[in-house]
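Take a look at the structure set out below.
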Amino acid sequence: MAAREHPAPVKVADRPLTRDARLVLLGCGGYIGSHLLDTLLVDPSVRVDGWDPRPDKIRHWLDAPNFKLRRAMLNEPSGLDDLHECVEAADAVINLAAICNPAEYNTDPITVIRSNFLDSYKVVEICAEAGKWLIHFSTSEVYGRTLASYVSPGDYDCDAALYELDEDETPFLMGPLSSQRWTYACAKQLLERYIYAHHAQLGMPYTIVRPLNFFGPRMDFIPGQDGEGTPRVLACFMKALLHGEPMRLVDGGSARRTIVSIRDAIRAIVLMLEKPQSAANQAFNVGNRDNEVTMAELADLMRKIYARITGDDSFLKHPIESVSARDFYGPGYEDCDRRMPRLDKARDLLGWTPSVSLEETLLETMTYYHDHYAVSRRQAG
Ligand code: UGA
């Protein structure tokens with residue numbers, strides 16, 4: 001592609017793209033993609049061209065007249081076959097395709113880097129060439145560890161400026177080369193910089209979304225039931241509850257996360273599509289400041305909520321044990337200590353604030369897991 005010198009930025013639509021719109025959705029079959037399709041496709045005037053090798057979470061949409069799925073990966077020769085054509089015809093391109101499971105960052109770092117950078121940089125180039133708006137799902141992990149973890153370890157009452165994550169101000173702080181946990185964050189950060197460069201140099205409109213622990217139905221898998229390996233914390237704790245195994249707290253469970261309901265998160269994405277002029281050429285944190293917990297608190301809360309769902313008080317005392325990060329993830333794992341997002345930009349530009357509490361989020365999500373996995377387990381056994 002011949003590089004143009006600092007051209008005028010390409011304009012995005014000045015109408016909502018949630019009606020009479022054509023969208024390309026890469027990674028549409030994953031957890032977030034499946035919820036986004038559930039919201040977008042109910043309007044028959046929205047047409048989605050989707051890419052994903054796995055249709056399990058979106059089977060209910062496969063026959064919809066306004067949806068066409070290509071069952072391909074972006075790194076397969078056939079994967080890009082008609083992508084150029086679909087991007088040319090699209091109003092916006094949303095890229096959700098990623099490997100985003102921490103258990104793989106230090107155990108299969110080559111695939112993690114390839115998938116999160118090499119498979120996606122082509123999408124950036126295709127969007128830039130076509131002058132299309134790219135909404136890219138990045139990660140809160142690009143921030144790495146907090147400044148507080150270096151200057152005041154263990155002190156969570158310190159100056160908020162040392163731990164709050166601001167989209168445009170906070171530096172990206174990651175550990176040394178041997179801490180391969182950061183392969184994912186680095187690949188994602190490089191892709192963010194590649195996107196930003198295509199905006200600055202070639203005028204491509206972009207939006208970068210940095211999710212902070214979206215919890216909801218269909219997240220991940222239950223090992224031994226519909227997948228193998230180590231999923232993220234919600235599914236690890238659910239597996240323990242469902243299979244009668246101890247919940248395991250990595251390094252004592254002191255790491256903190258802010259958890260946002262998938263319903264709030266999807267509302268943020270829909271607002272971006274409704275307000276392209278406000279959303280374009282920005283990075284947004286999507287999280288919930290009110291829902292902060294340590295992993296130890298999360299395990300305890302999940303025990304309580306599962307006791308409520310099942311009506312079985314023995315879950316209140318479900319065993320919880322501590323495990324070292326090295327034993328749980330293998331060598332090269334290092335944790336993000338805390339993720340407290342600033343959300344002013346999403347509020348001011350999109351009119352978005354999250355509203356679903358942690359307990360409500362867990363109740364909805366764990367009820368889904370219970371109905372989906374405990375029942376099918378009983379039937380199989
Ligand atoms: C992951 C991804 O790397 C992020 O890109 C993504 O944005 C984020 O999930 C997300 O869901 O939004 P992380 O929060 O570190 O990041 O992933 P989890 O596997 O859910 O781990 C959260 C914490 O729980 C970590 O401290 C981990 O060590 C701990 N953990 C995990 C346990 O204590 N026990 C377990 O069984 C599993």
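Every number for a ligand or one of its atoms is a count from 1 in the order of the listing. Scope of the values below: all heavy atoms of this structure, side chains included, with no hydrogens, waters or symmetry mates.
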Atom 33 (O) of ligand 1: nearest protein contact (heavy atom, Å):
Val250 N, 2.9 Å
Taking atom 20 (O) of ligand 1 as the point of reference, which of Leu298, Val233, Asp251, Ile259 owns the nearest heavy atom?
Val233
Nearest non-hydrogen protein atom, atom 34 (N) of ligand 1
Arg248 O, 2.7 Å
Run the ring-centre check on His370 versus Tyr306 and record whether the distance is less than 6.0 Å.
yes
Tell me whether the NZ or CZ atom of Arg210 lies within the 45° cone about the ring axis of Tyr143 and under 6.0 Å from its centre.
yes
For atom 27 (C) of ligand 1, which protein heavy atom lies nearest, and how many Å away is it?
Tyr329 OH, 3.4 Å
Checking a contact table here: which protein heavy atom is nearest atom 11 (O) of ligand 1, and how many Å away?
Arg232 NH1, 3.4 Å
Exam field: side chain Glu297 to backbone Thr294, donor-acceptor pair closer than 3.5 Å:
yes
Run the numbers for me: atoms of ligand 1, each under 4.0 Å from some heavy atom of Ala255, listed by number.
26 (O)
Is any N or O atom of Pro102, backbone or side chain, closer than 3.5 Å to an N or O atom of ligand 1?
no
What protein heavy atom is closest to atom 22 (C) of ligand 1, reported as residue, atom name and distance in Å?
Arg257 NE, 3.7 Å
side-chain hydrogen bond (donor to acceptor under 3.5 Å, both in side chains) assessment of Asp251 paired with Tyr333
CA-CA 11 Å; Asp251 286 341; Tyr333 178 81; over 6 Å; no
May I ask you to check whether over 12 heavy atoms, not counting those of Arg15, lie within 6.0 Å of atom CZ?
yes
Does Asp220 pair with Lys239 as a salt bridge, N-O distance under 4.0 Å?
no
Any side-chain heavy-atom pair of Ile309 and Leu363 under 4.5 Å:
yes
Proximal ligand 1 atoms for Asp335, defined as those under 4.0 Å from one of its heavy atoms:
25 (C), 26 (O), 28 (O)
Using a strict cut-off of 4.0 Å, indicate which atoms of ligand 1 neighbour a heavy atom of Arg339.
8 (C), 13 (P), 14 (O), 15 (O), 16 (O)
Using modelled atom types only, decide if a donor and an acceptor are shared between the side chain of Asn66 and the backbone of Val46 within a distance under 3.5 Å.
yes
Close N or O approach (Leu249, ligand 1; < 3.5 Å):
no
